[in-house]
Amino acid sequence: MKPRLRFAPSPTGQLHLGGARTALSNYLYAKKNGGQFLVRIEDTDLERSKKEHIDQICDSLQWLGLNWDEELVYQSKRGESYNNSLEDLLSSGKAYRCFASKEELEQIRKETGSYHYSGLWRNKSDNDINAELEKKTPFTIRLRSPNNGHTVFNDMIYGNISISNSEIDDFIIARSDGSPVYNFTNVIDDQNMNITHVVRGEDHISNTPKQILIYKAFSWEPPIFAHLPMILGEDKKRLSKRHGATGVQSYRDEGFQPESLLNYLALLGWNPGTEEEIMGLDQLVSKFDISKVQKKAAVFDQKKLNWISSQHLALQNDQDILDRIRLISTEWGIKEDNSFCLCVINIMKTRSRSLVDLIEQAGYFFNDPSSFNENDVQKTWKEDSQVILEEVIQMLGNIDDWTANELGLILKKYMENNGYGFGKVMKPVRLGLCGNLQGPSLFDIMELLGKEVVISRLNYIIKEF
RNA sequence: GGCCCGUUCGUCUAGUGGUUAGGACUCCAGGUUUUCAUCCUGGCAACAGGAGUUCGAUUCUCCUACGGGCUACCA
């Protein structure tokens, strides 16, 4: 049987890094084994679930390239199914009604000091139950869970996990308003969707035995489980909003590309067994092995993400990068020829860590510098700079073959003839053209900018100082 | 408190009953570069602690410590 996996986010916020990693792991396992990847929206918490979050999560998943194979499943539309299942359990005696109020329970907890439900209504007579029913006393539904034995499962990542059934009380599967709880809906839906493998965060390990008990109550075969270790912030605390930008959307806004993000996320807690690190989605699909995923939580390292992103950029085709840039900045370089934009990308891509970074660094290719870096001016602008630049302008005016190569030859000759060091001449030039002292080869920049622009910028800086 | 899970350089990780404990990111130094970045070379840096098993444990077992998760009529 081909595996069927699902990613089941609850739409209480945007897709965050942890969710993206979970979705990715599900996707990779499914695709590697020729199976299906599905998405189920767990929107039963009416208070916190928002339509906009659903849209945003789906949007992020699609942007990442983690496309799902069948229609979305919404838990909010599956109430009838839950009710039927609840009814089944009630009539088979695998679950029972509990008429104890929250206050009553709280009282018992205080007295016994135990967090476990005592089984107060587990064995009440039909008479007692009917009496409460008649009084319309609100009730919850609890699973009649076994008192002895162990519930065990073999986690694809953690291996065998065993928990004594005495640790599991008759937990609630439906609230007093009749709505089913997470552990219950999860099982019903996974069964209904024919899910074969459940891959989710490590925080669900403790839920798993409870869910297995529910499967057993229905005499269903539980799926195979895999629990992914948590992603931590720098302070070793679970990654959350407190750590700043943790949403997929913000990485997208910062110009990180899906391949880079996915590549990094996959490498958190996993490696292909070789020293290869830079991989696209297809490679991840073929190499991913969930059983090799680390059990230990991993700290999210922005610096490594930056590096991976820059590696992807450096390897990426120029036109492809241009297309990606236009996706986030539709007007970028639109006034120039396509070939000009491609040249800019070509010389800037190895020095950028994201699309946004590239755009920001490439500003002077499209606009005259709006200001000159003060520090660089102080370091560079000497008394004779003006004279030198005037001579340079003169020279440049006479050049017909405006290529990086020719410019290099002529300027080098000029410096040689006058006994000028490279920096003495080129730094003021760079300052005039770029506004600061960093960037790719000046001759390349000059060629791309063109004679007119170069001369006009140099004239401008002379007037400025 | 109880239960479950985890612990190799700062971070992500490889690894074996006997290794100079390997790689990557970061950082530092040098080289390349007119500059910056890239790139290349080199360097710093780790088996949580204690018992036990063993000729020998980072590796196997137990304990402790530390960290995390769950313990809800949240998901």
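Excluded from the calculations below are hydrogen atoms, water molecules and symmetry mates; all remaining heavy atoms, backbone and side chain alike, are included. Every chain is numbered from 1 and lettered A, B, ... according to where its sequence line falls, protein lines coming before strand lines.
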Can you tell which of [options] lies closest to the side chain of [X]?
{"X": "A/D301", "options": "B/A75, B/C25, B/U34", "result": "B/C25"}
{"X": "A/V299", "options": "B/G1, B/C12, B/A75", "result": "B/C12"}
{"X": "A/L268", "options": "B/U71, B/U35, B/C12", "result": "B/C12"}
{"X": "A/K210", "options": "B/A75, B/U71, B/U34", "result": "B/U71"}
{"X": "A/E167", "options": "B/G22, B/A75, B/G2", "result": "B/G2"}

Open item on the list: Between A/N271 and B/A14, is there a contact of a side-chain N or O with OP1 or OP2 at under 4.0 Å?
Closed with: yes

- [ ] Taking only the side-chain nitrogens and oxygens of A/R238, find out if one of them lies under 4.0 Å from OP1 or OP2 of B/C70.
- [x] yes

For [N], which nucleotide is its Watson-Crick or G-U wobble mate, given both distances must be under 3.5 Å?
{"N": "B/U32", "result": "none"}
{"N": "B/C73", "result": "none"}
{"N": "B/C66", "result": "B/G6"}

Open item on the list: Between A/Y115 and A/V181, which residue's closest nucleotide on RNA chain B lies nearer the 5′ terminus?
Closed with: A/Y115

What side-chain donor-acceptor pairs closer than 3.5 Å can you find for residues 202-209 of chain A, not counting sequence neighbours?
unit_1	atom_1	unit_2	atom_2	d
A/E202	OE1	A/Y158	OH	3.2
A/D203	OD2	A/R238	NH2	3.0
A/H204	ND1	A/Y182	OH	3.2
A/H204	ND1	A/N207	ND2	3.2
A/T208	OG1	A/R200	NH1	3.1
A/T208	OG1	A/H204	O	3.0
A/T208	OG1	A/I205	O	3.3
A/T208	OG1	A/H227	NE2	3.1

Compute whether any side-chain donor of one residue and acceptor of the other, for [X] and [Y], lie under 3.5 angstrom apart.
{"X": "A/E111", "Y": "A/Q107", "answer": "yes"}
{"X": "A/H150", "Y": "A/N165", "answer": "no"}
{"X": "A/N186", "Y": "A/E42", "answer": "yes"}
{"X": "A/D235", "Y": "A/H243", "answer": "yes"}

- [ ] Under the side-chain contact (heavy atoms from CB on, under 4.5 Å) rule, what do A/R40 and A/Q75 come out as? Steps first, then yes or no, please.
- [x] CA-CA 7 Å; A/R40 178 173 73 229; A/Q75 286 198 322; 3.7 Å; yes

Select base, sugar-phosphate, or nothing to describe what [X] touches, counting heavy atoms under 4.0 Å on all strands.
{"X": "A/G269", "result": "sugar-phosphate"}
{"X": "A/N207", "result": "base"}
{"X": "A/A100", "result": "base"}
{"X": "A/S176", "result": "base"}
{"X": "A/H227", "result": "nothing"}

- [ ] Tell me, yes or no, whether the heavy-atom count around A/E80 atom CD, taken from other residues, nucleotides or ligands under 6.0 Å, exceeds 12.
- [x] no

Open item on the list: Would you say that more than 12 heavy atoms from the other residues, nucleotides or ligands in this model lie under 6.0 Å from the CG of A/N148, or not?
Closed with: no

Collect all protein-nucleotide pairs involving nucleotides 58-67 of chain B in which both atoms are nitrogen or oxygen and the distance is under 3.5 Å.
none

For residues 354-361 of chain A, dump all side-chain donor-acceptor pairs below 3.5 Å to protein atoms at least two apart in sequence or in another chain.
unit_1	atom_1	unit_2	atom_2	d
A/S354	OG	A/E254	O	3.0
A/S354	OG	A/V356	N	3.4
A/S354	OG	A/D357	N	3.1
A/D357	OD2	A/R353	N	2.9
A/D357	OD2	A/Q361	NE2	3.3
A/Q361	NE2	A/R351	O	2.8

Open item on the list: Can you list, in residue-number order, the parts of residues 429-443 of chain A that come under 4.0 Å of RNA chain B, counting heavy atoms only?
Closed with: A/R430, A/L437, A/Q438, A/G439, A/P440, A/S441, A/L442

Rounded to whole angstrom units, what separation is found between the [atom1] atom of [X] and the [atom2] atom of [N]?
{"X": "A/R109", "N": "B/G1", "atom1": "CZ", "atom2": "P", "answer": "19 Å"}
{"X": "A/D169", "N": "B/C3", "atom1": "CG", "atom2": "P", "answer": "15 Å"}
{"X": "A/I41", "N": "B/A75", "atom1": "CD1", "atom2": "C1'", "answer": "13 Å"}
{"X": "A/I278", "N": "B/C12", "atom1": "CD1", "atom2": "P", "answer": "18 Å"}
{"X": "A/H53", "N": "B/A75", "atom1": "NE2", "atom2": "P", "answer": "17 Å"}
{"X": "A/I188", "N": "B/A75", "atom1": "CD1", "atom2": "P", "answer": "14 Å"}

Suppose we screen for salt bridge (charged side-chain N to carboxylate O under 4.0 Å, His left out). Which residues come up paired with [X], at least two apart in sequence or across chains?
{"X": "A/K236", "result": "none"}
{"X": "A/K296", "result": "none"}
{"X": "A/K135", "result": "A/E132"}

Taking the [atom1] atom in each of [N] and [M], what is the distance between them to the nearest angstrom?
{"N": "B/C55", "M": "B/G1", "atom1": "C1'", "value": "45 Å"}
{"N": "B/G50", "M": "B/U13", "atom1": "P", "value": "26 Å"}
{"N": "B/U58", "M": "B/G17", "atom1": "P", "value": "14 Å"}
{"N": "B/G15", "M": "B/G68", "atom1": "C1'", "value": "25 Å"}
{"N": "B/U8", "M": "B/G2", "atom1": "P", "value": "26 Å"}
{"N": "B/C62", "M": "B/C25", "atom1": "P", "value": "38 Å"}
{"N": "B/C4", "M": "B/C40", "atom1": "C1'", "value": "49 Å"}
{"N": "B/G69", "M": "B/U54", "atom1": "C1'", "value": "36 Å"}

TODO: Decide yes or no for A/Q257 and A/S309: does some side-chain heavy atom of the first lie under 4.5 Å from some side-chain heavy atom of the second?
DONE: no

- [ ] Spell out protein contact along nucleotides 4-9 of chain B as letters: B when the base is contacted, S when just the sugar-phosphate is, - when no protein heavy atom is under 4.0 Å; keep the 5' to 3' order.
- [x] SSSSS-

Open item on the list: Taking ring pair (Phe, Tyr, Trp, His ring centres under 6.0 Å) as the cut-off, I'd like each qualifying pair that reaches into residues 255-279 of chain A, sequence neighbours left out, listed once.
Closed with: A/Y251-A/F256, A/Y264-A/F300, A/W270-A/F288

TODO: With sequence neighbours excluded, tell me which residues meet side chain to side chain donor-acceptor pair (under 3.5 Å) with A/Y27.
DONE: none

Check nucleotides 37-41 of chain B for protein N or O atoms closer than 3.5 Å to its own N or O atoms and list the pairs.
unit_1	atom_1	unit_2	atom_2	d
B/A37	N3	A/R351	NH1	3.0
B/C39	OP1	A/Q311	NE2	3.2

Task: A/R142 NZ/CZ over A/Y117 ring centroid, <6.0 Å and within 45° of normal - done: yes

Acceptor/donor pairs from residues 362-371 of chain A side chains to any protein atom, 3.5 angstrom cut, sequence neighbours excluded:
unit_1	atom_1	unit_2	atom_2	d
A/D368	OD1	A/R457	NE	2.7
A/D368	OD1	A/R457	NH2	3.3

